[in-house]
Amino acid sequence: MATQNPASDEWRCDSTILNEIQKTHSIDAKSIPETDALMKIVENTLNVSSKLYEPNGQEKSALGALGPIIHKISCEVSSNCSETQDSLEQRTVKLFRSLEKFNWDSKIAITLAGFAANYAEFFLTDEVYTKNTAAIGLLQLKRLGQKDIGNNGDTVKEIVTKMTCIAKNILSLKIIQDNHPTTIAIDITDYQSASYWIIYVILMCSLEISGQRVLVDSIKGKIDGIGSHFSLKLKESQEHEQEQKNFKEQYESYVRIFCRRHDNNVAILEPLLNCEEDEELIYSKDPKKSIKLKDLANGSVIIVLSSFNIDVYREEVSLIEAFSNKTNIHGRYHIVWLPIGQCKKEAYATLVSNKPWYYLRYESLVRQTVVLKQYARKEWGFDEKPMMMVLNNGEVIHHDALSLIQIWGDLAIPFKRDQETTLWRDHGNNLTLKFLFDCLHDDFTTVENKEISKYACVFGGRRLQKSGEADEKWFADLAGELMKAADIWTNIKLKMAYISANKEEVNLEPKIKTEVRKNIENNKQGEHGLKHVDAQYVDVDQVSNVNLFWSRVRNIMLQLSILNENKTLEGNMKALLDTTRWIVKYSSLQSTAWFLLGHLASNEMIFCGAELSSDCLKQINKDIHGGESELIKSSLRMALRRRLQEKGFERINDELEGKHCYKHVVYGDGMKTETGGMKCVICNKAMKKVALYQCCE
């Protein structure tokens with residue numbers, strides 16, 4: 001894009017002049033209609049254009065309403081020529097007062113039209129004065145005591161032609177800006193300065209044709225500066241407008257491509273990958289397996305969309321790699337990686353070297369446009385994280401099958417249209433705790449002996465000491481109370497783990513693990529040690545496994561929330577929706593710990609704040625030692641639920657009264673309502689649209 005020449009800034013008005021003309025401008029100023037037709041008539045009148053223009057009926061009607069104001073300005077331009085007591089600057093400001101109700105571009109058009117009427121009258125009279133006695137008299141009367149225009153006539157014509165071109169550029173630029181607000185920005189003072197000097201020059205030219213001598217040549221530099229500036233801005237805006245037009249056309253073509261069924265996959269892959277059907281796709285682990293794009297015409301194809309920072313998303317990448325490495329998977333699906341963005345050739349070669357999928361050559365990849373990224377972001381909720389788009393015989397059957405794999409695992413294969421609805425309908429009420437916890441560790445969901453009552457216990461969040469520092473020992477005390485309560489019953493196995501939700505909690509987990517394991521060992525020793533409960537703290541990968549857990553929790557919550565809008569959920573699906581909602585909400589609360597106890601055999605879950613659960617477990621232990629034998633007849637989960645109810649805890653919502661959710665969601669993550677707004681998947685209230693900036697970490 002061209003840069004502005006500093007020398008041309010000389011035409012801009014100083015603050016004194018700007019203040020003067022701004023005072024004459026009404027806040028209700030408006031633009032005139034049909035400026036394009038008006039300027040064509042002005043061109044004809046000033047002999048700038050030899051092509052005769054005849055306005056149509058609608059234009060005549062609109063321009064007819066401007067007749068009185070054009071006539072008024074024409075008379076004022078003429079009368080200003082005789083006011084010798086005022087300076088040219090004062091006359092210019094005076095004319096601005098008559099134009100107060102019009103926008104800056106309209107002031108130029110109207111003044112130029114008024115001047116054109118006077119200019120045409122003068123030259124018509126000058127042309128026929130040798131043949132017509134009335135014309136001779138008219139010239140004599142208008143120039144009594146004044147000099148002839150002489151050699152300045154050519155200079156005036158030159159300046160008039162330039163002013164007309166400038167006015168056309170300014171009006172064209174204003175139309176583009178009105179129709180495309182995102183186009184090249186132009187300072188309002190540029191319009192103000194241009195309108196001032198154009199009207200100033202119009203008055204100079206009017207004085208000149210009336211026979212008064214003014215230094216017309218002295219103003220040519222400013223006119224050239226204004227002309228260069230707005231010519232450049234118009235060119236930039238037209239280019240930007242064309243880019244927007246091309247963007248819109250490309251975007252609409254993507255809509256047509258992805259929303260219809262085609263004869264084969266190539267009809268989708270060619271515009272998506274921006275390459276021809278003979279383009280070669282390389283398989284990184286074995287180049288001999290490379291294929292051409294046309295070889296993917298039939299069958300199923302998976303496009304992995306991501307940014308070039310794909311290795312940052314280890315959880316998603318590991319899922320895709322595990323999926324692609326399954327037995328005979330490439331007999332069913334061809335996986336093609338399509339990174340969106342920019343990357344150097346050397347970095348790209350490193351990225352593709354160890355991925356088990358097909359990829360494009362770098363030279364083909366750089367042809368990708370920004371339109372695809374915008375389309376993917378708006379229509380599919382693409383946010384740099386990897387997505388798996390599934391094509392099947394010329395049709396997009398799923399925009400992001402990765403979410404299906406995160407929730408359903410192997411049940412999601414083979415991919416079909418409306419797969420999510422089908423899976424929830426067929427399997428939703430058969431879900432067990434394994435569905436939620438098997439991504440953390442096999443120890444949570446494996447039941448070795450049916451006679452053993454196995455519990456999965458996870459806790460998270462933070463509990464602060466009075467000093468403001470995290471209290472990792474408190475979680476160990478919570479685990480100790482749980483073990484003591486569980487030891488009342490026989491054949492109980494407890495699998496425990498801390499689940500981090502942010503970087504601070506990831507750093508906290510090793511300390512909590514150490515304290516909990518120390519507590520377990522201490523409770524096993526001595527005369528009063530644990531006798532009936534087998535307790536173990538499970539090592540959970542706080543990056544890949546925990547990220548997968550949160551991804552699954554949020555995907556479950558989102559999909560069940562969508563289903564719940566159309567049909568009230570019941571049974572296991574309702575319990576799973578409630579649990580995932582509150583896990584997400586608790587994890588977003590500042591300095592709040594949470595506790596989840598799941599019984600694998602009954603598929604029952606108890607979720608509440610960790611402090612409340614600690615109080616209830618302490619009460620259970622106190623009651624047992626106090627001789628309350630009724631508790632032994634029940635079970636750990638029933639005893640805990642009973643104590644929670646005694647404390648008035650019927651719903652998780654009761655404990656959260658008055659607390660606020662601190663998590664922000666980026667607009668466009670897929671939770672749009674029918675009205676185009678966005679609702680919170682937890683409380684279902686309308687969310688405020690905010691801009692969320694996230695660091696690279």
Side-chain angles (χ1 to χ4, degrees), residues 1-13 17-18 21 25 29-51 53 55 59 62-63 66 96 99 102-113 115-116 157-202 205 219-249:
M1 189 173 290
T3 57
Q4 180 67 37
N5 183 357
S8 64
D9 287 349
E10 294 176 0
W11 60 269
R12 288 187 170 87
C13 296
I17 296 176
L18 286 175
I21 62 174
H25 190 68
K30 59 184 179 181
S31 295
I32 60 174
E34 305 296 349
T35 52
D36 186 51
L38 178 62
M39 286 307 301
K40 288 177 180 177
I41 296 173
V42 168
E43 284 184 285
N44 288 157
T45 309
L46 297 175
N47 293 322
V48 174
S49 173
S50 59
K51 186 177 180 181
Y53 178 74
E59 291 170 341
L63 294 174
L66 295 175
F96 268 99
L99 297 163
F102 298 97
N103 282 338
W104 301 101
D105 57 311
S106 296
K107 296 181 199 289
I108 296 173
I110 292 171
T111 308
L112 197 57
F115 169 74
K157 287 182 180 179
E158 180 188 349
I159 290 178
V160 166
T161 301
K162 288 182 178 180
M163 283 196 304
T164 307
C165 292
I166 292 170
K168 283 182 63 180
N169 287 346
I170 289 175
L171 292 167
S172 299
L173 186 59
K174 192 67 170 61
I175 290 171
I176 292 175
Q177 285 194 308
D178 289 343
N179 294 334
H180 303 279
T182 59
T183 191
I184 307 299
I186 299 178
D187 197 312
I188 186 64
T189 59
D190 284 359
Y191 284 116
Q192 293 167 354
S193 296
S195 64
Y196 175 83
W197 286 116
I198 289 174
I199 293 175
Y200 183 93
V201 172
I202 285 173
C205 292
I219 203 72
K220 288 175 66 176
K222 291 187 185 296
I223 293 297
D224 290 340
I226 296 171
S228 298
H229 177 76
F230 281 96
S231 177
L232 175 64
K233 288 298 180 183
L234 178 61
K235 182 182 178 182
E236 291 175 354
S237 294
Q238 287 172 336
E239 290 174 352
H240 188 78
E241 182 184 33
Q242 187 61 44
E243 288 174 4
Q244 289 183 316
K245 182 180 179 182
N246 295 341
F247 183 96
K248 183 179 179 182
E249 290 175 353

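Numbers for residues simply follow the sequence, beginning at 1. Predicted, not measured: the structure shown is a model, and the values here were computed from it.
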So with a 6.0 Å cut-off around NZ of K162, is the heavy-atom count from everything else above 12?
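Result for NZ/K162: enclosed.
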
Verify the neighbour count for atom NZ of K222: are there more than 12 heavy atoms of other residues, nucleotides or ligands below 6.0 Å?
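Yes.
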
Hey, are the side chains of [X] and [Y] touching, using non-hydrogen atoms and a 4.5 Å cut-off?
{"X": "M39", "Y": "L112", "answer": "yes"}
{"X": "I202", "Y": "M163", "answer": "yes"}
{"X": "Q192", "Y": "T189", "answer": "yes"}
{"X": "I170", "Y": "I198", "answer": "yes"}

Kindly assign one of parallel, tilted or perpendicular to the pair Y191 and F230, based on the angle between their ring planes and the thresholds 30° and 60°.
tilted

Would you call the rings of H25 and W104 parallel, tilted or perpendicular if under 30° counts as parallel and over 60° as perpendicular?
parallel

Between S195 and I108, is there a donor-acceptor pair closer than 3.5 Å when you use the side chain of the first and the backbone of the second?
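Not confirmed, S195 side chain does not pair with I108 backbone.
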
Spacing of CZ belonging to F115 relative to OG1 belonging to T164, to within rounding of 0.5 Å
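So the gap between those two atoms works out to 8.5 Å.
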
After noting the C-alpha distance and the side-chain angles of L234 and I176, does the key distance pass the side-chain contact (heavy atoms from CB on, under 4.5 Å) rule?
CA-CA 9 Å; L234 178 61; I176 292 175; 4.0 Å; yes

Residues N103 and S31: side-chain donor-acceptor under 3.5 angstrom
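Their side chains do contain a donor-acceptor pair, which is all the 3.5 Å distance test asks for.
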
Matching residue for N246 among E243, K248, Q242 - test: side-chain hydrogen bond (donor to acceptor under 3.5 Å, both in side chains):
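Checked E243, K248, Q242 against N246; only one passes side-chain hydrogen bond (donor to acceptor under 3.5 Å, both in side chains): Q242.
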
Yes or no on salt bridge (Lys or Arg N to Asp or Glu O under 4.0 Å) for E241 and K245, after CA distance, side-chain angles and deciding distance?
CA-CA 6 Å; E241 182 184 33; K245 182 180 179 182; over 6 Å; no

